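Notes follow once the structure below has been shown.
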Protein chains: 2
Amino acid sequence: MAQAPGPGKQVQIAHIATQHYLQNKTRIEIANETGLSRFKVGRLLDEAVSSGIVKIHIASPSGVRLDLSVQLRERFGLEHAVVVDVPSDADEVIQAKLGSTAGDLLREILTDEDVLGLTSGRTLNAMARSLSELPKCGVVQLAGVAGPIQETGLEIMRRVSAIAGVRPWTIYSPLVVSDAQAAVGIRRQPDTRQTFEQFNKVTVAVGSIGSWKPENSQMIKNRALDPSDREKLLERGVVAEFGATLITDTGSVVHDIDDRCIAISEEQWRAIPTVIAVAGGPTKTRAIRAVLASGLLKGLVTDAATAERLLGG
Amino acid sequence: MAQAPGPGKQVQIAHIATQHYLQNKTRIEIANETGLSRFKVGRLLDEAVSSGIVKIHIASPSGVRLDLSVQLRERFGLEHAVVVDVPSDADEVIQAKLGSTAGDLLREILTDEDVLGLTSGRTLNAMARSLSELPKCGVVQLAGVAGPIQETGLEIMRRVSAIAGVRPWTIYSPLVVSDAQAAVGIRRQPDTRQTFEQFNKVTVAVGSIGSWKPENSQMIKNRALDPSDREKLLERGVVAEFGATLITDTGSVVHDIDDRCIAISEEQWRAIPTVIAVAGGPTKTRAIRAVLASGLLKGLVTDAATAERLLGG
DNA sequence: GGAAGTTATGCTCATATGAGCAGTAGATAT
DNA sequence: ATATCTACTGCTCATATGAGCATAACTTCC
């Protein structure tokens, strides 16, 4: 019956493992130097790993949590998952870090043949602020203005298109309006109509996620949604919004107010090859999980604590 | 000009490295699954290691410091080097741990075709106490009694030979005597003479190391050595003793009192295929280094702090 | 826009390695 | 001491991999 190896054998294994794993010697070279057969060297190397003498792990030398990123990507079937450590749980700090990370990811992904679509939000504002260069790609606003005027999609659009060196396709409208008729009127305006016509050309889209439960969203605060609207939507199970697309815990899309939103539709999201959400923090976890469940996403940029909650649940 | 990879590429590398190093997939399997060439997968795996994304290290799951053991073995050209952590720097604690580790090593190494030679000392006494089984090998005492009666080679000999199930070859004599004539007389006694005749049959020897500078030695306290003897030997550069073999910092053996010692000679040590010293602690480091420099040793059992001092200096 | 320099890719062929197997060695039971 | 069982070793042959090279792609300079 096999026992735990004694100290002498452990040191022998460690010595052979050092030569192979740290000094890149082949099993045959090690066999020649030690007088053992290459089969025996192979078995000792297998034992080095199975016994825990050799430890191999994925480190994160640059601040990107590669271990969590790989797990997130496999768990949720994503093409891009980037998880970063953040220095604090404050929303502003998380948004700044996620924004700059998303900017780094975009610089890697985009070519001048892409058309970039953007929603609004503070995280995307932070991303826009961190960017210093982009290829000369198209830039399209995917949704009307959700929040207060100093953090609007307009500012994001201005910055990003200036860096890319192109004219932006913008939407001078709120995200939600009072009724469907008003929305029809807005969509009919020439500039807005032309921007909407660009939606089917978008190849890479980046959006932030709004949380309805717990409430951490610019859209839910929009005055065009009165308290009874909100109540109804919450009763229908809405916990998240992505652009103006409302999503429940199970990933179902709620279409109740589609006709009065000035934004990309669910169907149009699904037609874009690469859709990346940038979101994090304790209050956003449920909403992120809901959007992941919807199948809309091909990518996610988030913080480590959120990734752990997503992976743990 | 090559830059640090962006987050997307880092995650790609981490994903491929996870599949290869942690899930044991071949480069060809990974290439098939990712659509990359096997050459590209190979290059990314190389980059995973060179960039620090993959970390491989030698761990010590069992308490034997394998990393230090391998370094000691390579640095000093030893066949056996075993380094263990000890819970404290107290001599008794170090001796107990080193003794039990030496016992584990002996159990691994010895067969019933070996003849085991032993010196005396508290560390070997601890080793003898830790043993619970040995093969039926010969057991030979290599040196007379150096220290106080309750920690003599006699006790070690009794225990070890009882465990091995054999009659021991003993030496009922002090390690050093007053003059060469007395030594001749002692060596002429039948039992002692027969034990000396066994020295050339010893295949594995284990000894502790006495330190003369700083003073931590049973031998130096022996009354047969008067103060002027000690003074002279210290002036000759003696810093260590192994059995009764006196050694300087450069590894030279001092033969001044060989003729009045009842112990194995330097020449006889050198004829033994496997010689292992068991010693540690702050006061023994210089002495251990000296004995290593002598070339007498094929093995060493020591503690981690001592190993670090030996490797650092 | 074209030339020159640099970086990256996929290839060939020799070498390294793995998996299943037959034979040997060691351990246990009688 | 012998028989039986278990563990270990070295082998064959198919597959995996590496190193140097030629070619392609990309970047920089004019």
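Per chain, numbering begins at 1; letters A, B, ... match sequence-line order. These numbers come from a predicted model, not from an experiment.
Atom NE2 in H20(B) sits about 12 Å away from atom P in dT17(C), given to the nearest Å. Residue Y21(A) contributes atom OH, which lies 11 Å from atom P of dT17(C) at whole-angstrom precision. Rounded to an integer number of Å, the gap from CG of L45(B) to C1' of dG18(D) is 13 Å. In this entry the distance linking CD of E113(A) with P of dC26(D) reads 11 Å, nearest Å.
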*Under the side chain to side chain donor-acceptor pair (under 3.5 Å) criterion, do D104(A) and T101(A) qualify, and how do the steps go?*
CA-CA 5 Å; D104(A) 292 339; T101(A) 302; 5.2 Å; no
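When the C1' atoms of four end pairs are superposed on the next four at each end of the helix from dG1(C)-dC30(D) to dT30(C)-dA1(D), using five pairs per end, the two resulting axes differ in direction by 40°, to 10°.
The side-chain contact (heavy atoms from CB on, under 4.5 Å) search around S69(B) returns V11(A), V64(B), V83(B), not counting sequence neighbours. Residues passing the side-chain contact (heavy atoms from CB on, under 4.5 Å) test with A102(A), sequence neighbours excluded: M127(A), V278(A), V301(A). Shown here are the ring-ring contact (aromatic ring centres under 6.0 Å, His included) partners of F76(B), two or more places apart in sequence or in another chain: there are none. For W169(B), the ring-ring contact (aromatic ring centres under 6.0 Å, His included) test picks out no residue, with sequence neighbours left out.
Between I276(B) and I109(B) the shortest side-chain heavy-atom distance falls below 4.5 Å. At least one side-chain heavy atom of Q19(A) sits under 4.5 Å from a side-chain heavy atom of E33(A). Residues V204(B) and V115(B) fail the side-chain proximity criterion, which asks for heavy atoms closer than 4.5 Å.
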Polar pairs (N or O, both sides) under 3.5 Å between protein and nucleotides 9-16 of chain D?
from	atom 1	to	atom 2	distance (Å)
dT9(D)	OP1	K40(A)	NZ	3.0
dT9(D)	OP2	K40(A)	NZ	3.3
dG10(D)	OP2	S37(A)	OG	2.8
dG10(D)	N7	R43(A)	NH1	3.4
dG10(D)	O6	R43(A)	NH2	2.9

